[in-house]
Amino acid sequence: MSRPYFSWGVLYLARRRLGNAWQSGGLSLEYKWVVLTVTTVGIFMATLDSSILVVGLPQVVLALNTNLVVGVWFITVYRLMITVLLVGIGRIADLHGRVRLYNMGFAIFTIGSLLSGLSQTAEELLVFRLVQGVGAALLFVNSVAIVTDAFAGEGLGKGIGINQVAINAGTITGYTLSGILIQLFTWRSIFLVNVPIGIFGTYWSQRRLKEISQPAIAEKFDFPGAIAFSSSITLLLLGLTIGSLTDVLNLVLVVSSVFLMVLFLLVERRTKFPVLDLSLFKIRLFTAGNIANLLSGLAFAGLAFVMTLYFQLVRGYDPLHAGIFLIPLDATLIIIGPISGSLSDKWGARGLSTLGLIIASAGFFVLSRIDQLTDYSLIAVGLVLVGFGIGLFRSPNASSVMGSVPASKRGISSAVRATIINTSIVASIPLVIAIMTVDVPYARLVNIVSGSNLVMSIQTGNGPLTGFLPGLQHALLVFSGLILLSAVFSLLRGPRVE
């Protein structure tokens with residue numbers, strides 16, 4: 001299935017099902033359809049390219065004559081650039097217009113994709129993935145904000161729910177589409193396929209989207225604040241990803257990040273036009289929803305990594321089958337997302353989101369009981385529970401967070417939300433590793449992929465990776481607790497404010 005057809009198909013069916021329920025707030029059904037079409041395709045592409053390189057990484061590393069460490073940074077640098085830029089871009093969007101920046105993001109993402117596909121060296125690909133990341137950050141921030149502008153009030157849950165489907169589908173499709181494209185063509189095709197879609201998307205968004213929000217053109221951009229915040233996030237993510245959390249360099253990076261963040265918060269309180277309006281965190285729905293996002297995001301993002309290790313290294317399956325075994329999780333999440341968004345328009349986010357997190361916590365607990373002999377049907381039950389629960393949580397929570405803020409602050413609010421989600425994704429794998437080091441020393445974990453006879457060593461309880469399976473089980477158990485804690489914050493958000 002090619003990239004755009006999935007998004008267009010979902011939107012067509014949604015349009016037929018929802019019909020005239022979208023005609024509210026003075027905006028026509030046609031324009032809301034345009035907004036969903038453009039933003040869904042854009043966010044789908046940006047999300048897809050955060051995962052599309054994972055499966056094809058060995059081929060890219062070999063073709064560019066580099067090593068696995070550099071290869072991992074082909075993936076990491078894209079996500080890092082997105083996360084670092086989100087808050088600054090969100091503030092610029094509030095000042096100068098969300099649609100303008102969204103159009104710019106489509107163009108930059110397309111150019112970055114073309115250059116990435118034409119890269120001749122590893123260094124070139126790293127630089128051009130940075131360019132892609134800039135474009136993706138512009139798409140990420142403004143996509144949800146533009147949908148919120150168009151669907152403000154009645155129908156917001158529906159609109160955001162469908163937009164969230166694109167995010168979930170993009171991540172899932174990336175793992176499978178890359179293998180198909182590389183098998184049929186070369187690794188360059190996973191980037192070049194973006195180009196015709198990006199050109200059309202740039203033209204379509206430029207022609208059809210209109211600026212609904214009123215840019216705060218009289219306010220100034222806080223450059224020192226933006227630099228301090230981005231530097232703090234950069235140091236934090238580097239400290240979490242470049243080595244063991246106990247290494248001196250990593251600790252220095254994390255401590256420096258905390259120092260910069262404290263300095264940033266002190267300065268922002270005295271700035272007339274701050275890059276991050278701290279008054280947003282006085283809004284209970286906004287703060288509680290984002291804390292729930294952070295905690296649940298750490299657990300959910302780490303699940304795919306843990307289960308991939310389990311299927312490949314404990315059970316001995318190849319990457320293709322490991323991906324197929326995760327389909328119950330992905331399919332349930334995609335199906336439930338739009339439904340939960342519609343339900344939140346009627347019943348509010350508090351009950352649905354909290355119930356979803358409790359169900360997801362139960363799913364993680366079921367998965368924490370697996371061993372090398374567990375029947376797949378039980379594993380599938382756990383995955384379905386997690387997918388159902390997270391699907392029930394995400395769309396209502398996003399609607400609650402975005403619907404709670406003033407219209408003039410939707411750009412920065414969307415940026416804060418996206419920054420928290422992306423930070424949780426980047427931090428999830430280091431968290432898994434940190435938990436597993438209780439059972440398996442870090443030095444052994446870093447050699448996990450290259451270990452010979454690894455499956456036999458794990459299954460017999462012998463060899464250098466004794467304790468590996470308990471490490472996975474404990475990580476899943478901790479995630480179950482994290483999800484349950486996030487349910488508490490979801491409940492504390494209070495009732496919906498009309």
Side-chain angles (χ1 to χ4, degrees), residues 43 46-47 50 76-95 98 101-102 105 130 133-148 160 163-164 167 171 221-223 225-241 253-254 257-258 260-265 268 274-281 283 285-301 394 397-398 400-402 404-405 409-431 486 489:
I43 201 69
T47 308
S50 67
T76 304
V77 74
Y78 178 81
R79 178 71 69 177
L80 181 64
M81 181 57 66
I82 292 172
T83 306
V84 166
L85 292 178
L86 288 173
V87 166
I89 290 174
R91 177 58 178 157
I92 294 173
D94 286 338
L95 295 177
R98 293 154 199 157
L101 291 187
Y102 187 84
L130 282 173
V134 173
L138 290 163
L139 294 173
F140 263 110
V141 171
N142 294 290
S143 174
V144 176
I146 291 171
V147 170
T148 305
I160 288 184
N163 192 259
Q164 292 295 299
I167 296 176
T171 302
F221 183 73
D222 176 21
F223 283 101
I227 293 172
F229 183 85
S230 297
S231 299
S232 175
I233 294 296
T234 300
L235 292 175
L236 174 64
L237 297 181
L238 288 175
L240 292 175
T241 55
L253 290 172
V254 172
S257 169
V258 173
L260 268 178
M261 184 58 68
V262 171
L263 182 63
F264 165 76
L265 294 175
E268 290 297 277
V275 67
L276 176 57
D277 188 350
L278 299 180
S279 67
L280 289 172
F281 293 97
I283 303 173
L285 292 171
F286 180 83
T287 302
N290 275 310
I291 294 175
N293 255 338
L294 175 64
L295 297 175
S296 62
L298 283 169
F300 184 73
R394 277 189 172 177
N397 188 68
S400 172
V401 169
M402 293 301 299
S404 69
V405 300
K409 302 295 182 183
R410 284 175 185 154
I412 188 62
S413 300
S414 177
V416 170
R417 176 179 168 273
T419 299
I420 288 172
I421 292 173
N422 280 277
T423 300
S424 69
I425 292 172
V426 175
S428 62
I429 292 179
L431 177 61
S486 69
F489 283 98

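Between I82 and G133, the shortest heavy-atom distance links the atoms CG1-O, 3.6 Å. Summarising the geometry of A93 relative to N142, their closest heavy-atom pair is CB-OD1, 3.2 Å, with the distance given to 0.1 Å. Taking both residues in full, the closest heavy atoms of F286 and V401 are given as CD1-CG1, 3.7 Å, listed atom of the first, atom of the second, then distance. In plain terms, the two heavy atoms of S296 and A292 that are nearest each other are OG-O, 2.7 Å. Taking all atoms of both residues into account, the shortest heavy-atom contact from L86 to A137 is CD2-O, 3.9 Å. Closest of all the heavy-atom pairs between F140 and A46 is CE1-CB, 3.9 Å.
With sequence neighbours excluded, the residues that form a side-chain hydrogen bond (donor to acceptor under 3.5 Å, both in side chains) with S257 are S232. Remark: T287 pairs with F281, I291 by the side-chain contact (heavy atoms from CB on, under 4.5 Å) rule, at least two apart or across chains. For S230, the side-chain contact (heavy atoms from CB on, under 4.5 Å) test picks out V84, with sequence neighbours left out. In this view, S486 satisfies the side-chain hydrogen bond (donor to acceptor under 3.5 Å, both in side chains) rule with no residue, not counting sequence neighbours. Considering only residues two or more places apart in sequence or on other chains, Y78 meets the ring-ring contact (aromatic ring centres under 6.0 Å, His included) condition with none of them. Applying the side-chain hydrogen bond (donor to acceptor under 3.5 Å, both in side chains) criterion to S413, with sequence neighbours excluded, gives no partner residue.
We find the CG-CG distance between N397 and N293 to be 4.5 Å, quoted to the nearest 0.5 Å. Once rounded to the nearest 0.5 Å, the distance linking CD1 of I92 with CZ of R98 reads 13.5 Å. Annotation: the span from L280 atom CG to L285 atom CG amounts to 12.5 Å, rounded to 0.5 Å. Interatomic distance, T83 OG1 to I233 CD1, rounded to the nearest 0.5 Å: 8.0 Å.
Of the residues listed (I421, T419, I420), the one engaging N290 in a side chain to side chain contact (heavy atoms under 4.5 Å, CB included) is I420, and it is the only one.
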Using side chain to side chain contact (heavy atoms under 4.5 Å, CB included), reason through L260 and L235 one step at a time and then give a plain yes or no.
CA-CA 9 Å; L260 268 178; L235 292 175; 3.7 Å; yes
Could you check Y102 against L139 for side chain to side chain contact (heavy atoms under 4.5 Å, CB included), going step by step and ending with a plain yes or no?
CA-CA 5 Å; Y102 187 84; L139 294 173; 3.6 Å; yes
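The closest side-chain heavy-atom distance from R91 to F229 is not below 4.5 Å. In this structure, the side chains of L101 and V141 stay at 4.5 Å or more apart for every pair of heavy atoms.
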